[in-house]
Amino acid sequence: MKAVVFYSHGDVDVLKYEDVPVPTLGPHDVLVKVRAAGCNYNDINARRGMPGLKVIFPHISGSDLAGEISEIGSEVTSVQRGDRVVLHPGVSCRICEHCTSGQEYFCRSFMIYGFQTGPLQGSHAEYAKVPDVNLIPMPSRLSFEEAASVPLVFLTAWHMLVTRAGLKAGEDVLVLGAGSGVGSAAVQIAKMFGARVIATAGNDKKLQKTKELGADELINHNSQDIVAEVKRLTNKRGVDVVFEHVGKATWDKSILSLAYGGRIVTCGATTGHDAMTDLRHVFWKQLTILGSHQGSKAETVKVLSHVQAGRLRPV
């Protein structure tokens, strides 16, 4: 089969489009004919390399896929050949206390499919070997391309806003980098929950897209001061929740944009992880800082039910 493979970290020139063997299935594995695959920032991190991350070489990236089941392992009973499926991207042991309590992201064996798995196990290939428990029926109203655009980013944004931040109707939410995959999902989820969404992006085209997705207020972070605009839009109060995934470049602005008792929830640090925090703002304003990483299969299923109903839409 054809796949995009790399054998070492580096720039895009390390990516090779070549023939690799079709994966051999274990008893609980499924072979999916990939019809569409997503590309996320973790694919860039895997290729470039990052401190603390072990990438198994040779590596095939890709944490999102939509496709049709081609073969099934000897013990698989939950799906059949020909079924249309999408992938829940979190791989875990499924038997530890965390997995069995619905918190698989705390499993000591937890991995993001196509990011930490391998060798040669990701969706950027003609066929992908997937554990049967990670497959979910594909929403019937979606194309393969739309379906492959949903799981990783919507799951991440859902876990951040709903599970971790406990978003409530009527709250003000600042979504940084709203033109990104996870940002565009966050705008929609926050709006669906009845929040007022203040979205930032770097150009007018991205801002207009966020407006179409439901953003109420727009901030161009290249030409406007984020904190000043947030204060203006909230009558100096600040926002209840900041959706943060940019990291060092925006962290101080995120802290300063929060209202008293506000929450900041973060899932990434694409501009750097060594951000500085003025602790005086944290304790004086009684802020809550929440880390977030991935989510559960149950959350992915919930997200897909909203997509099927038309309340959330793939970008």
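All values reported here derive from a predicted model rather than from experimental measurement.
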Asn42 side chain reached by Ser63 side chain, heavy atoms, under 4.5 Å
yes

Charged N to carboxylate O below 4.0 Å: is that the case for Lys211 and Asp216?
no

In one Ile/Leu/Val/Met/Phe/Trp/Tyr side-chain cluster, 4.5 Å: Val76, Val32
yes

Please answer: with hydrophobic residues joined when any side-chain heavy atoms are less than 4.5 Å apart, are Leu155 and Met138 in the same cluster?
no

Would a line drawn from the ring center of Phe110 to the ring center of His98 be shorter than 6.0 Å?
no

By side chain to side chain donor-acceptor pair (under 3.5 Å), Arg280 pairs with (sequence neighbours left out) Asp278

Could you walk me through whether Ser123 and Asp64 pass the side chain to side chain donor-acceptor pair (under 3.5 Å) test, one step at a time?
CA-CA 6 Å; Ser123 65; Asp64 283 317; over 6 Å; no

Does Glu229 pair with Arg232 as a salt bridge, N-O distance under 4.0 Å?
yes

Between His59 and Phe57, how do the two ring planes meet: parallel, tilted or perpendicular, split at 30° and 60°?
perpendicular

Is there a donor-acceptor pair under 3.5 Å between the side chain of Thr200 and the backbone N or O of Gly177?
yes

Between Arg263 and Ala165 (side chain of the first, backbone of the second, donor and acceptor by atom type, cut-off under 3.5 Å), is there such a pair?
yes

Is it possible for you to check whether Lys168 lies under 6.0 Å from the centre of the six-membered ring of Phe193, through NZ or CZ, and within 45° of that ring's axis?
no

Sidechain N-carboxylate O distance under 4.0 Å for Arg237, Asp240:
yes

Heavy-atom side-chain contact between Thr24 and Asp29 under 4.5 Å
no

Are Glu104 and Lys297 close enough for a salt bridge, meaning some N to O gap below 4.0 Å?
no

Does Trp158 reach the side chain of Thr300, with side-chain heavy atoms less than 4.5 Å apart?
no

Among Ile198, Val246, Ile219, which residue satisfies the side-chain contact (heavy atoms from CB on, under 4.5 Å) criterion with Leu176?
Val246

Under 3.5 Å donor-acceptor, Thr156 side chain and Gln294 backbone:
no

Side-chain donor-acceptor pair under 3.5 Å between Glu299 and His159, yes or no?
yes

Using side-chain heavy atoms (C-beta onward) and a distance below 4.5 Å, is Leu25 in contact with Lys129?
yes

Looking at Glu126 and Lys33, is any side-chain nitrogen of the basic one under 4.0 Å from a carboxylate oxygen of the acidic one?
yes

Under a 4.0 Å threshold between the charged nitrogen and the carboxylate oxygen, would Asp172 count as salt-bridged to Arg196?
yes

Checking the side chain of Arg164 only, and the main-chain atoms of Leu290 only, is there a donor and an acceptor separated by less than 3.5 Å?
no

